[in-house]
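Here is the naming used below: chain letters follow the sequence lines, and residue numbers restart at 1 for every chain. Below, all heavy atoms of this structure are taken into account, side chains as well, without hydrogens, waters or symmetry copies. If you're wondering where the values come from, they're calculated on a predicted model, not measured in any experiment.
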There are 2 protein chains.
Amino acid sequence: MSLKHALLGVLTCKPMTGYEVKQFFDSTVQHFWNAELSQIYPTLKSLEESGWVTKEVQPQDGRPDRKVYAITDAGREEFARWVRAPQPPADLRDPFLIKVFFGTEVPVEDLLVILRRQKEEHQKVIAFSETVLREKIQHGIRERSPRHGLFWTLTLEMANAYRRAYIDWCDRSMRLLEEGFIDGDVMRATAERAFMESA
Amino acid sequence: MSLKHALLGVLTCKPMTGYEVKQFFDSTVQHFWNAELSQIYPTLKSLEESGWVTKEVQPQDGRPDRKVYAITDAGREEFARWVRAPQPPADLRDPFLIKVFFGTEVPVEDLLVILRRQKEEHQKVIAFSETVLREKIQHGIRERSPRHGLFWTLTLEMANAYRRAYIDWCDRSMRLLEEGFIDGDVMRATAERAFMESA
DNA sequence: CGCACCATGTAAGAAGTTACATGATTCA
DNA sequence: TGAATCATGTAACTTCTTACATGGTGCG
């Protein structure tokens, strides 16, 4: 479970409540990780039991007490250990590729439609990353932790690089399908070579 | 749950047992989808209850009876409906990016090590795709279903494009870290611009 | 007046992985 | 002799999502 270590990572920035951790997730690592409050609260509790974080209860009236979690030395060590540990590459798990894989089951016209839509969806995500998210991250860097600037930018770049690769692939796939539209045989025979050349 | 539809997709090729479906997964869609037998067997049963597949029991001696599942017309329709339905883009969920995001917690040297290792892992996967997997897929195309050739190749290309983007990103990140090694301030100030230019 | 924000959680369910259970055949 | 292949499944567990439960404050 990487969530435990993701939470430790967040708490290296500063002590936070579960609610604040969720906000941190939403405003910064959103593009490659996410977690719900219902998962965060119990996980913080288990981190406390492991001695990796401590809890300070700040009483409030009219709403639940704030429970501020802070990382311990042991927690910092555990996090650094985890960072250095081998990490198998994340594998893709993409239902859209299943649709393309069994593309023979629908007319080519329909495939072109879903490819175009999928491309647009990825474009929207990039547009969001480049405006709202980039601004949020830059704000976080300025306000909270200038040291993190490089790394936060790098991860944003990786997420965008993935989306750009996806968009390019949609374009090339659509082009190939349009070309092979009339003569299916030609399509098949030259598909692979054509893809390589268009890259 | 996309697994149900993935199974329907597989069964559009030909009737199969759960065991054979697993082999199909392992030899063709492995690079963007996977499933365990313990998940496949119950899912096939539920597909049968939905009327999307039928089961034919072939008795055997010395080993469990073969249960061959075939897709029905209703199943084909359901699959086509699913293919055409809107598909939100798969989001990244990559523990490695968490490590980079909180890169301030370990020395730069250690980050260079894990970036190099991660790059190598992705290179290995591509090498496997381009040899073993490509051969398996090509075999499947020749033996079973030439119609699928274009689509099977396309999905392989997408998976490889993702890995190549990842590798490029590792390279650029390592370069930036090496440059900013001595003077952290310079590193931070120019990181973003430098990344853009190196792309 | 209704919605968003703050702040905590529990419970139920879906999806996926790992371990357990059985047992004959074939190949090195 | 021991591993891989064929062939079925169940049970336990982890991870993640969605729904439920409470309730005050402030804004438009």
Angle class for the B:F101/A:F24 ring planes (parallel below 30°, perpendicular above 60°, tilted otherwise)? perpendicular
Shortest non-hydrogen contact from B:D65 to B:P59? OD1-CA, 3.4 Å
Closest to side chain of A:K45, choosing from C:dT10, D:dA7, C:dA7: C:dT10
Would you classify B:Q23 as touching base, sugar-phosphate or nothing, given that sugar-phosphate means primed atoms plus P, OP1 and OP2, and contacts are heavy atoms under 4.0 Å? sugar-phosphate
Taking the nucleotide of DNA chain D with the nearest heavy atom to each, does B:T17 or A:N34 sit closer to the 5' end? B:T17
Does a distance-only test, which skips hydrogens and angles, find a donor-acceptor pair under 3.5 Å between the side chain of A:S38 and the base of D:dT18? yes
To the nearest Å, how far apart are A:R66 CZ and C:dG9 C1'? 16 Å
Hey, does the side chain of A:Y41 come within less than 4.0 Å of C:dT8's phosphate (OP1/OP2), counting only N and O? yes
Short side-chain N/O contact from B:R63 to OP1 or OP2 of D:dT5, under 4.0 Å: no
If you compare every side-chain N and O of A:R93 against the phosphate oxygens of C:dA15 (OP1, OP2), does one of them come in below 4.0 Å? no
If you assign each of A:A35 and B:P42 to its closest nucleotide in DNA chain D, which residue comes earlier from the 5' end? B:P42
Starting the side chain at C-beta, find the nucleotide from D:dT10, C:dT17, D:dC6 nearest to B:Y19. D:dC6
Rounded distance (Å) that lies between atom P of D:dT17 and atom CE of B:M1: 16 Å
Length of the line joining B:E20:CD and D:dG9:P, which is rounded to integer Å: 13 Å
Distance check needed: C:dA7 C1' versus A:K55 NZ, whole Å only. 14 Å
Which of these passes side chain to side chain donor-acceptor pair (under 3.5 Å) with B:Q87: A:Q118, A:K99, A:R117? A:K99
Of A:P64 and B:L3, the one whose closest nucleotide on DNA chain C sits nearer the 5' end is A:P64
Over how many whole Å does the gap from B:E56 atom CD to D:dA7 atom P extend? 14 Å
Which sits closer to the 5' end of DNA chain C, A:Q39 or A:Q60, going by the nucleotide each is nearest to? A:Q60
Side-chain (A:K22) to main-chain (A:T17) donor-acceptor, under 3.5 angstrom: no
Separation of C:dA15 atom P from B:L7 atom CG, nearest Å, is 13 Å
Counting only side-chain N and O atoms of B:K67, is one of them less than 4.0 Å from OP1 or OP2 of D:dG9? yes
Could you state the atom-to-atom distance from CG of B:D61 to C1' of C:dG23 in whole Å? 13 Å
Quick one: B:H5 NE2 to C:dA15 P, roughly how many Å, whole number? 11 Å
A:H122 and A:Y162 aromatic ring geometry - parallel, tilted or perpendicular at 30°/60° bounds: perpendicular
